[in-house]
Number of protein chains: 2
Amino acid sequence: MDTKGFAKHDHRACIVDMIAVAEAYSAANKVQFTPVRRRVLELLLEDHKALGAYDVLERLVKEGYGSQPPVAYRALDFLVKHGFAHKIERLNAYIACAHPQKIHAPAFMICRQCKAIAETMTTPTKGPFNQAAEEAGFQIERTVFEAEGLCPKCVSGGAPREVS
Amino acid sequence: MDTKGFAKHDHRACIVDMIAVAEAYSAANKVQFTPVRRRVLELLLEDHKALGAYDVLERLVKEGYGSQPPVAYRALDFLVKHGFAHKIERLNAYIACAHPQKIHAPAFMICRQCKAIAETMTTPTKGPFNQAAEEAGFQIERTVFEAEGLCPKCVSGGAPREVS
DNA sequence: TCTATTGACGTTATATTATAACATCTCTAG
DNA sequence: CTAGAGATGTTATAATATAACGTCAATAGA
Ligand SMILES: [Zn+2]
Ligand SMILES: [Zn+2]
Ligand SMILES: [Zn+2]
Ligand SMILES: [Zn+2]
């Protein structure tokens with residue numbers, strides 16, 4: 001399975017690997033992987049949940065970084081821009097990318113119960129748009145694919161069904 | 001083509017039809033299609049762009065309705081709840097549904113240049129999730145499908161390519 | 001090495017989006 | 001013709017996001 005996030009894995013390694021990738025990328029591309037950017041990426045990697053910008057900021061303040069919103073937003077923007085994180089539009093929150101440095105259109109499954117999030121890659125050649133967009137003559141540049149529901153654990157744990 | 005929004009159509013009829021559908025639905029389901037709710041739906045129908053809650057509010061104020069955010073948000077929530085409008089998460093904005101009262105997972109193509117939006121229906125049996133969700137055991141309840149890019153007009157009009 | 005330029009970081013201030021809580025009024029059900 | 005539910009309006013506040021500016025650090029040329 002290509003889907004990360006609902007399965008247990010070696011999370012310590014997950015973080016170490018990702019940081020290494022980010023460092024290599026930054027060196028190769030002459031961008032600065034600064035302490036605050038590194039720390040924010042670590043925070044996002046700490047669990048497979050999404051963090052709001054102000055959640056991130058709160059942590060940064062405690063650790064002696066700047067205390068104002070732009071500090072968090074700028075670090076998050078850097079990570080998103082360079083493919084190390086994604087914004088979950090539905091939640092106004094950010095999450096580390098599960099497939100860094102691979103070109104992909106990310107898609108997310110968001111558990112409304114436990115807030116776990118899994119990222120999957122979509123095949124760029126199908127999906128809900130590629131036929132409709134072609135017919136309409138629409139040129140896709142970016143996509144947002146987000147599904148909300150119940151993760152495997154919460155389904156079997158008997159979470160209450162969504163009300164209409 | 002099932003895609004509405006990038007093609008010209010009888011827009012006056014579009015509005016009239018939709019209001020009639022909403023009225024019939026409301027009568028049948030014993031919910032109140034009140035003046036402010038009707039007016040907000042008309043506003044959303046006036047073009048195929050999305051309106052922010054505060055855009056809607058501004059119009060309502062001018063027309064003598066309440067002047068505070070909940071007035072707009074409550075009308076929009078009603079329309080979304082009953083299937084007459086959708087929220088575009090990427091834009092924090094609202095748009096009239098193009099397929100009211102048909103069960104569907106909406107998908108949107110959003111022109112970053114002229115802001116036109118087309119809604120298409122996704123086939124619930126494919127899409128980027130149905131295979132990944134099944135493999136993962138994730139139970140989908142709601143989906144957000146939004147593509148940003150250039151509409152046919154803006155593509156041929158030579159809009160500047162998106163910067164990386 | 002020494003500057004010039006760019007980019008990062010921190011701040012203050014403000015903009016934008018959204019909801020909580022409560023009073024009043026209206027519709028609906030009995 | 002009431003009792004209850006729902007709709008509307010308000011005030012106040014919460015949550016999310018960006019503009020603008022000064023300072024400092026990294027990088028690139030000379
Ligand atoms: Zn990703
Ligand atoms: Zn869960
Ligand atoms: Zn729709
Ligand atoms: Zn356009």
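Not measured: the values here are computed from a predicted model. By convention in this document, chain letters (A, B, ...) are assigned in the order of the sequence lines, proteins followed by strands, and residues within each chain are numbered from 1.
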K.L.:
How many Å lie between CD on A:Glu58 and C1' on D:dA15, as a whole number?
P.N.:
13 Å
K.L.:
Report the residues that fulfil salt bridge (Lys or Arg N to Asp or Glu O under 4.0 Å) with B:Glu148, sequence neighbours left out, ordered by chain and then residue number.
P.N.:
A:Arg142, B:Arg90
K.L.:
List for me each residue that meets side-chain hydrogen bond (donor to acceptor under 3.5 Å, both in side chains) alongside B:His104, sequence neighbours excluded, and say none if there are none.
P.N.:
B:His86, B:Glu119
K.L.:
Residues in side-chain contact (heavy atoms from CB on, under 4.5 Å) with A:Asp10, at least two apart?
P.N.:
A:Arg12, A:Ala13
K.L.:
Counting only heavy atoms from other residues, nucleotides and ligands, does the tally under 6.0 Å from CD of B:Glu46 exceed 12?
P.N.:
yes
K.L.:
For residues 55-67 of chain B, tabulate all N or O donor-acceptor pairs below 3.5 Å that involve a side-chain atom, not counting sequence neighbours.
P.N.:
from    : atom 1 : to      : atom 2 : distance (Å)
B:Asp55 : OD2    : B:Gly52 : N      : 3.0
B:Glu63 : OE1    : B:Arg39 : NE     : 2.6
B:Glu63 : OE2    : B:Arg39 : NE     : 3.3
B:Glu63 : OE2    : B:Arg39 : NH2    : 3.1

K.L.:
How would you list, by chain and number, every residue that makes a ring-ring contact (aromatic ring centres under 6.0 Å, His included) with A:Tyr94, sequence neighbours excluded?
P.N.:
none
K.L.:
Return the value, rounded to whole Å, for the distance between atom CG of B:Leu60 and atom P of D:dT8.
P.N.:
11 Å
K.L.:
Between C1' on D:dT8 and CZ on B:Arg37, what's the gap in Å once rounded to a whole number?
P.N.:
9 Å
K.L.:
Would a 4.5 Å heavy-atom cut-off, applied to side chains only, mark A:Lys153 and A:Gln113 as touching?
P.N.:
no
K.L.:
Do any of residues 83-93 of chain B sit with a heavy atom less than 4.0 Å from DNA chain D, and if so which?
P.N.:
none
K.L.:
Can you pull the contact range of chain A along DNA chain C, 5' to 3', using atoms under 4.0 angstrom from its heavy atoms?
P.N.:
C:dG7 to C:dT12
K.L.:
Which atoms of nucleotides 10-13 of chain D (N or O only) lie under 3.5 Å from a protein N or O atom, and what are those distances?
P.N.:
from   : atom 1 : to      : atom 2 : distance (Å)
D:dT10 : OP2    : B:Ser67 : N      : 2.8

K.L.:
Enumerate donor-acceptor pairs with a distance under 3.5 Å from any side-chain N or O in residues 71-79 of chain A to protein atoms, sequence neighbours excluded.
P.N.:
none

K.L.:
For A:Leu76 and D:dT16, give me the distance from atom CG to atom P, rounded to whole Å.
P.N.:
13 Å
K.L.:
Residues in side-chain hydrogen bond (donor to acceptor under 3.5 Å, both in side chains) with B:Tyr54, at least two apart?
P.N.:
none
K.L.:
Heavy atoms, side chains only, cut-off 4.5 Å: are A:Met109 and A:Phe6 in contact?
P.N.:
yes
K.L.:
Specify the residue among B:Asp77 and B:Gln32 whose closest nucleotide of DNA chain C lies further upstream toward the 5′ end.
P.N.:
B:Asp77
K.L.:
How many whole angstroms separate atom NZ of B:Lys81 from atom C1' of D:dG6?
P.N.:
11 Å
K.L.:
Axis-to-axis angle across the helix from C:dT1-D:dA30 to C:dG30-D:dC1, five pairs an end, to 10 degrees?
P.N.:
40°
K.L.:
Which other residues end up in the same hydrophobic cluster as A:Val144, if Ile, Leu, Val, Met, Phe, Trp and Tyr are linked when side-chain heavy atoms come under 4.5 Å apart?
P.N.:
B:Val144
